[in-house]
2 protein chains.
Amino acid sequence: MLSSLKRFLIGRPLKSAELGEQKLNKTKALAILSSDALSSVAYGPEQILIVLFTVGAAAFWYSIPIAIGVLILLLALIASYRQIIFAYPHGGGAYVVSKENLGIYPGLIAGGSLLVDYILTVAVSVSAGTDAITSAFPSLHPYNVIIAIAFVLFITTLNLRGVTESASILAYPVYLFVLALFVMIGVGIYNIAAGDVSSELHTSIGTPVAGIGLFLLLKAFASGSSALTGVEAISNAIPNFKSPAPHNASKTLIAMGSLLAVLFTGIVFLAYYYGVTPKAEVTVVSQIAEQTFGRHFMYFFIQGTTALILILAANTGYSAFPLLAVNLAKDKFIPRMFTIRGDRLGYSNGIIILGLFSIILIIAFEGQTEHLIPLYAVGVFIPFTLSQSGMVVKWIREKPAGWVSKLIVNSIGAAISLIVTIMFFLTKFVQIWSIIVFLPLIIYLFYRIRKHYESVGDQLRLSTCEPAIPIEGNVIIVPVAGITHVVENSLNYAKSLQAHQVIAVYVPFEREDEAAFEEKWKNWQPDVRLVTLHSPYRSIIQPLSKFIDTVQRKAGESNYQVTVIIPQFIPKKGWHNILHNQSSLLLRTHLLYRKNVIVTTVPYHLKK
Amino acid sequence: MLSSLKRFLIGRPLKSAELGEQKLNKTKALAILSSDALSSVAYGPEQILIVLFTVGAAAFWYSIPIAIGVLILLLALIASYRQIIFAYPHGGGAYVVSKENLGIYPGLIAGGSLLVDYILTVAVSVSAGTDAITSAFPSLHPYNVIIAIAFVLFITTLNLRGVTESASILAYPVYLFVLALFVMIGVGIYNIAAGDVSSELHTSIGTPVAGIGLFLLLKAFASGSSALTGVEAISNAIPNFKSPAPHNASKTLIAMGSLLAVLFTGIVFLAYYYGVTPKAEVTVVSQIAEQTFGRHFMYFFIQGTTALILILAANTGYSAFPLLAVNLAKDKFIPRMFTIRGDRLGYSNGIIILGLFSIILIIAFEGQTEHLIPLYAVGVFIPFTLSQSGMVVKWIREKPAGWVSKLIVNSIGAAISLIVTIMFFLTKFVQIWSIIVFLPLIIYLFYRIRKHYESVGDQLRLSTCEPAIPIEGNVIIVPVAGITHVVENSLNYAKSLQAHQVIAVYVPFEREDEAAFEEKWKNWQPDVRLVTLHSPYRSIIQPLSKFIDTVQRKAGESNYQVTVIIPQFIPKKGWHNILHNQSSLLLRTHLLYRKNVIVTTVPYHLKK
């Protein structure tokens, strides 16, 4: 039943041979790879206003110079990533670039933050998408968390099915979103130019504001730079482009940067001009759209496409996380199960873990985006810094043609990313301190897992180890619970193995039982030796375990191997199992994990 | 770690020989066996008022005639149970009495309702005890459910330890409770007699009340009879009495009945005279105590002993449920695991299941006693009716000396219990309809379980079955995952068994892998035949399973037995297991349950 539910949700299993990769042209790539970056404009500008609002609405004009700062940062990042694209045509994720150029630990820091960050991508994007919906339909606001979780479950299922086939469909919402925002910004500016918007709504630029200081401005800038999360996506995915891949990827990157710049600037400007105040229940974009169009078709269209693109942005987490996990698992830093392709050829374990953790985050933070965003942004800027620094080291080390200008570009990228990261720690420590705790923990875990895998490999490899002890003969122990067909079956099998000795063991709970059973046994199996063990604590495992030890000690002296044959009857239906004490299961587990003994199970299948 | 937590909570395991039964004298027995019945006065009178309050406070005087009705019912029950005590000196639980005299199905109805009812005893008593506490400390009221769950966990742990040793301690709270209520009733009546209580607080008896009708009065009567839950406890526990057991038990029963009558009447009377109105957050007893003493020492003493006795009443559920479960399990109506004594000689499975289900009930009903009580009461009166009817049949069948008067007593008991049961169904159907659904379901389950056990027994018994097929030789299949010590170990073992044939099976995921592995194998184990299987769906189990089928078909022709030897390495530490794909575990489970093949696991224990 479970299995048919699974079939219904994710579809029939696919053959390995069906794994084919579809190369992306620029238009499609732009749509698919930039949903994360472009969707950030739905919450980035709002973050600036939230910080400025702590001083008062009069401070809102500062959002304009701050936005200019963010645009410069964007320019630097795009330039740096353009270089990574050409230097790593097979995909320059922060983990790979940092590991190759800076060494294993910086690589793990980048990998660890990204792993956490993709979870945050999902949680933040889905929560923000839900906000867009509940801004339009305020009566849904109390159900934010439930709606967000439903979206995560939906995306998880979609990814378990494998989404490549529907990739074309994913492109439309992105272009619709861009179109919608362009129309909104255009109409907004037209209205302003036509004088339809009162200029009283905002304080003019340059108005002195009491209580504003450098710290606050830095904080607002750091908050605003959360709009840049996602710009690294294209550089990770170069192999998916049609050739010449680096060339196409670079063009797509620049197109994405330009779109991002226009949308971000437009939203910040309109928010400023309209004097929009951040509210807990209505997003800034929703307020702008409402002021521009009223609650009519275009308003709902903007909210709808915003929600859609945010949910697509979550989807990028689903493509990035499992791939990073595969890389880490191949390097033995996380469990091997992340390298296994599921029924539909996706890395299902990564997908499921990602979905699970983002749901936990959404519940823990009650779906409130603003508390997750700082953590999300810092988790992005740490790998930004590391990969740019990695590129700096690479240029210095390799010195290719024109390396000096390349060095300068990446140095600027690294420096700015580092500065933003430091700003985050200085201005938002309360919200991001946890990363200082978790990152070292994660890296320590990576290290321990790697050490374990290496140690297992060493122990299993044939070349390094002591020779196996020869087996001169076999001693077989058969625990018996009564005189039944199950036991008969097991004894027949034991005899067929031509072992040196077969011993049946009986553990009576009541003393009176003992003699009677021995008598019956003698009549039934006179040629099999029966040992009865007393069990003062009503446990079968304990006395049996002791007995096996004794036999093993004796057998070991003549290089005899001890095998325990467990008779087990298998009921016809699964639910019947709860009606029977699972003593054979417990016994088997105990013997395998606690004792060094070979365990054979002889099943006796019931017919009804 | 888990195991040492268990040791800490429930203590060291006890030997079977340490099982000793302590006989109870009358004073102790009265305390231990009547906590359930006596504690019912903490909620019984309140139930009457809740029903009457639906008409208005003016109707409260009807509680007096209703109480008289309840007293008559009590008298009838005590007289009937006195006869059961003498007729079943080894314990006359409703299950036993009904099964013996009325047949198996009435027995199962009684057993099923009691099983559910003991769960309700725990849920109701603990919730009511929590109410007593939160009535005294209203700020705790929002935490009702959590407090109740904590109590259930506490009592469960105590019972897993085994409570017989602390039984003497359990006697004090009961006597303190009786004492406290006697003082309260005494002081209350004294105050009334002294004229300190205004007689304006209540309407006088006989005042006509609009809207009152027979239906409502019956409903109030049925509600009030919930105060009689627990009177059967003594008749179940006769073997625990000092001899002459039936004689002592009968005296104890009468003492309990008298105490119950006095307390019940006293509380109903005071509630009426004080004009107490039932409230959601303060119990009726708490209101009476407050009016009588003010919020001083005696008030808190009464609330404290009430809470204590209610929690002790829950404890009676813990002695009764596992014993009934043992009886049902011995008759094969419920899973055999209920007959097993745990480390501390208690029937731990019954105790744990009881605790679990009562917690579920408390959560489902949000700890609100009044919604559980009707279900609880009807679950008591069904077995009351059945066991009294059983006695009637017994007297008619056996006709001992003086059987006619005995017959009359039990007939009255049966008739009154039946009437009360019917009243419950007529007047409180909304709250108790679920028993009509669950009881048949439970009985059907009992029946199915019994049938399954009988069928298993038939199939295992040697006398009835076809002779075992002789084993002429063995074919061994070893699934191998690589060239390692683990595999070497298993192959050595396979060779030592002198089987007819040993086949190693390799399932490569990638086609390229195949040839290389076969080459390496030829060099390493030239004398073991290697079969490589293609796995289009990346599953090991599927192709292997198919292969085993083929081998089994061929082997079967010459009566050869197929054994699958699974090489498995066992990591040194438990947590390491999550780092390794549990393919051997999955494979073993699949082969044992889905195929008729013998499965041997050769463990290879890692040393670090």
Side-chain angles (χ1 to χ4, degrees), chain A residues 13-17 335-337 340-341 343 449 452-453 455-456 459-462 465 468 470-474 482-486 488-489 492-493 495-498 509 536-538 561 563 568-571 576 578-581 588 592-593 596-603 605-608, chain B residues 13-17 335-337 340-341 343 449 452-453 455-456 459-462 465 468 470-474 482-486 488-489 492-493 495-498 509 536-538 561 563 568-571 576 578-581 588 592-593 596-603 605-608:
Chain A
L14 294 176
K15 290 194 181 178
S16 304
R336 205 175 292 161
M337 61 169 186
I340 297 171
R341 288 185 187 272
D343 279 353
I449 291 174
H452 169 74
Y453 277 130
S455 138
V456 169
Q459 291 177 74
L460 299 189
R461 211 167 297 127
L462 282 178
C465 223
I471 303 174
E472 305 284 353
N474 285 287
I483 292 178
T484 62
H485 276 296
V486 194
E488 183 185 39
N489 218 26
N492 285 350
Y493 178 68
K495 289 174 193 165
S496 84
L497 294 179
Q498 299 164 348
F509 283 178
Y537 294 101
R538 301 165 305 288
Q561 173 68 49
T563 303
Q568 181 176 4
F569 69 86
I570 313 282
H576 289 162
I578 54 166
L579 300 180
H580 301 284
N581 303 327
R588 192 161 60 226
L592 275 180
Y593 286 87
N596 195 4
V597 73
I598 292 170
V599 180
T600 297
T601 311
V602 180
H605 287 261
L606 296 182
K607 288 184 191 68
K608 41 185 183 181
Chain B
L14 295 176
K15 291 194 182 178
S16 304
R336 202 176 295 160
M337 62 169 185
I340 298 170
R341 288 185 187 270
D343 280 352
I449 290 173
H452 170 74
Y453 278 130
S455 140
V456 169
Q459 291 177 73
L460 299 189
R461 212 167 298 125
L462 281 179
C465 219
I471 303 175
E472 305 284 353
N474 283 287
I483 293 178
T484 61
H485 276 296
V486 193
E488 185 185 36
N489 220 25
N492 285 348
Y493 178 67
K495 289 175 193 165
S496 84
L497 293 179
Q498 300 164 347
F509 283 180
Y537 294 102
R538 301 164 306 288
Q561 172 67 50
T563 303
Q568 180 175 8
F569 70 86
I570 312 282
H576 288 162
I578 54 163
L579 299 180
H580 301 284
N581 304 327
R588 191 162 59 225
L592 275 180
Y593 287 87
N596 194 4
V597 73
I598 292 171
V599 180
T600 298
T601 311
V602 180
H605 286 260
L606 296 181
K607 291 186 188 69
K608 41 183 184 178

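Worth knowing before you read on, the calculation uses all heavy atoms, side chains too, and leaves out hydrogens, waters and symmetry mates.
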message = Looking at chain A, which one of B:Thr601, B:Asn596, B:Ile570, B:Val456 has the largest number of heavy-atom pairs inside 4.5 Å, strictly under?
response = B:Thr601
remark   = Looking only at A:Gly482, A:Ser455, A:Ser496, the option with the highest number of non-hydrogen pairs under 4.5 Å against chain B is A:Ser496
message = Looking only at heavy atoms and a cut-off of under 4.5 Å, which of B:Thr484, B:Ile483, B:Leu592, B:Ile471 has the most pairs with chain A?
response = B:Leu592
ask   = Heavy atoms, side chains only, cut-off 4.5 Å: are B:Leu606 and A:Leu460 in contact?
value = yes
Side chain / backbone / both / neither for A:Glu472 at chain B, heavy atoms under 4.5 Å = neither
Under 4.5 Å from a heavy atom of chain B, the part of A:Tyr593 involved = both
inquiry  = Please determine whether side-chain contact (heavy atoms from CB on, under 4.5 Å) holds for the pair B:Ile598 and A:Thr600, giving the CA-CA distance in whole Å, both sets of side-chain angles, and the decisive distance to 0.1 Å.
reply    = CA-CA 7 Å; B:Ile598 292 171; A:Thr600 297; 3.4 Å; yes
query = Rounded to the nearest 0.5 Å, how far apart are CD of A:Gln459 and NE2 of B:His485?
reply = 9.5 Å
Heavy-atom proximity to chain B below 4.5 Å, by part of A:Asn474 = side chain
task = Using ring-ring contact (aromatic ring centres under 6.0 Å, His included) as the criterion, list what pairs up with A:His452, not counting sequence neighbours.
result = B:His576, B:His580
message = What part of A:Leu497 gets within 4.5 angstrom of chain B, counting heavy atoms only: side chain, backbone, both, or neither?
response = both
task = Quick one: which of A:Gln561, A:Lys495, A:Arg336 has the most heavy-atom pairs under 4.5 Å with chain B, could you say?
result = A:Arg336
message = For A:Tyr493, which atoms come within 4.5 Å of any heavy atom of chain B: side chain, backbone, both, or neither?
response = both
